[in-house]
There are 2 protein chains.
Amino acid sequence: MNAPPSSDPLDALFAALADPTRRAILARLAEGEATVAELAAPFAMSQPAVSKHLKVLERAGLVTAGVDGQRRPRRMNAAPLAEAADAIERYRQIWERNYRRLDVLLEEMKAVEQQSRKGREI
Amino acid sequence: MNAPPSSDPLDALFAALADPTRRAILARLAEGEATVAELAAPFAMSQPAVSKHLKVLERAGLVTAGVDGQRRPRRMNAAPLAEAADAIERYRQIWERNYRRLDVLLEEMKAVEQQSRKGREI
DNA sequence: GTTCATGACAACCAAACAGTTATATAACCA
DNA sequence: TGGTTATATAACTGTTTGGTTGTCATGAAC
């Protein structure tokens with residue numbers, strides 16, 4: 001009956017995307033699965049550091065780990081990206097609705113202005 | 001010639017979106033401009049805390065401050081949201097392209113399977 | 001069975017974050 | 001002028017983050 005401290009999944013999702021290393025890892029995994037070592041190679045950073053980043057991405061649901069002998073290949077899961085895009089789109093749409101309303105208001109003001117101009121012209 | 005430590009604007013953008021308080025503030029501002037006090041009201045949090053959140057949103061380009069006497073009304077700027085949505089869409093598209101390629105591969109394997117089945121049937 | 005390779009895990013550290021209270025600034029109002 | 005309101009700024013604090021090194025577990029290969 002009482003959601004503890006909430007902890008919206010969007011928190012973890014956007015936080016995961018807020019780091020350039022993690023975005024690069026994600027871009028790499030969008031191309032296809034890869035091992036930790038492969039993912040770590042491009043970065044001037046230790047393997048445990050990359051593993052930590054992977055854990056963040058996993059907590060956000062963007063990455064899953066498989067098992068293949070001693071490797072643990074990671075693959076990307078795109079579903080949460082849709083969640084994020086939806087959330088962003090919601091803000092944008094509310095904003096646009098109200099922006100449009102402002103536009104209409106400005107149109108109306110302009111129309112009134114025209115009217116009063118005509119009045120003076122007569 | 002030497003980009004300092006990079007600091008991608010997407011960092012600030014996604015980081016700004018990664019906090020539920022800030023998302024709520026943004027949702028409120030999507031409806032129209034509001035003062036700091038108005039924005040702070042719904043939260044069990046001091047006014048300086050909200051001002052800090054606003055500063056984060058401003059650094060991300062999502063919010064701007066106006067001047068009206070002693071108030072400093074905030075309004076939302078939707079443009080960076082499009083940036084974020086684009087970035088997300090890029091990941092999704094790369095992923096989809098490769099996912100589709102995997103689908104084709106599976107189709108081909110299934111076809112081969114059918115072939116060999118036919119072979120045995122003869 | 002050693003030995004090598006992959007990767008996880010723990011302990012540690014510095015810097016950044018998210019909140020607090022207290023204080024300053026600046027505009028309005030009487 | 002002095003008081004009140006709106007907001008910013010500063011100083012402090014506990015927690016989180018992003019990295020390090022060192023060690024351990026597991027599976028592969030000789």
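Heavy atoms only: backbone and side chains are in, while hydrogens, waters and symmetry mates are out. Just so we're on the same page: letters track the sequence lines, and every chain starts at 1.
With a 4.5 Å cut-off on side-chain heavy atoms, L39(A) and H53(A) do not count as touching. The closest side-chain heavy-atom distance from K52(A) to K55(A) is not below 4.5 Å. With a 4.5 Å cut-off on side-chain heavy atoms, D86(B) and E89(B) do not count as touching. Residues L62(B) and L17(B) are in side-chain contact: their nearest non-hydrogen atoms beyond the backbone lie under 4.5 Å apart. Under the 4.5 Å side-chain criterion, counting only non-hydrogen atoms from C-beta, I88(A) is in contact with F14(A).
Of all the residues in residues 49-56 of chain B, A49(B), K52(B), H53(B) reach under 4.0 Å from DNA chain C with at least one non-hydrogen atom. Near-neighbour residues of DNA chain C inside residues 33-42 of chain A, defined by a heavy atom below 4.0 Å, number-ordered: T35(A), V36(A), A37(A).
The listed nucleotides are dA18(C), dT20(C), dT7(D); the one nearest the side chain of R74(B) is dT7(D).
Put simply, CZ on F43(A) is 10 Å from P on dG19(D), counting in whole angstrom units. Atom CD1 of I25(A) and atom P of dG7(C) are 13 Å apart (whole Å). As rounded to whole Å, 12 Å separates atom C1' of dG18(D) from atom CZ of R59(A). The separation between E58(A) atom CD and dC9(C) atom P is 10 Å, rounded to whole Å.
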Scoring nucleotides 22-30 of chain D by protein non-hydrogen atoms under 4.0 Å (B base, S sugar-phosphate only, - none) yields B----BS--

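The phosphate of dA26(C) has neither OP1 nor OP2 within less than 4.0 Å of any side-chain N or O from R71(B).
Remark: the backbone N or O of I94(A) is paired with a side-chain donor or acceptor of N98(A) at under 3.5 angstrom.
Counting heavy atoms of neighbouring residues, nucleotides and ligands inside a 6.0 Å radius, atom OH of Y99(B) does not exceed 12 of them. Counting non-hydrogen atoms of other residues, nucleotides and ligands closer than 6.0 Å to CZ of R75(B) gives a total of 12 or fewer. Heavy atoms of other residues, nucleotides or ligands lying less than 6.0 angstrom from CZ of R22(B) number more than 12. Atom CZ of R71(A) has 12 or fewer heavy atoms from other residues, nucleotides or ligands within 6.0 Å.
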### Query
Would R74(B) and L57(B) count as a side chain to side chain contact (heavy atoms under 4.5 Å, CB included) if you check the C-alpha gap in whole Å, the side-chain angles of each, and the deciding distance to 0.1 Å?
CA-CA 10 Å; R74(B) 278 10 194 238; L57(B) 289 166; over 6 Å; no

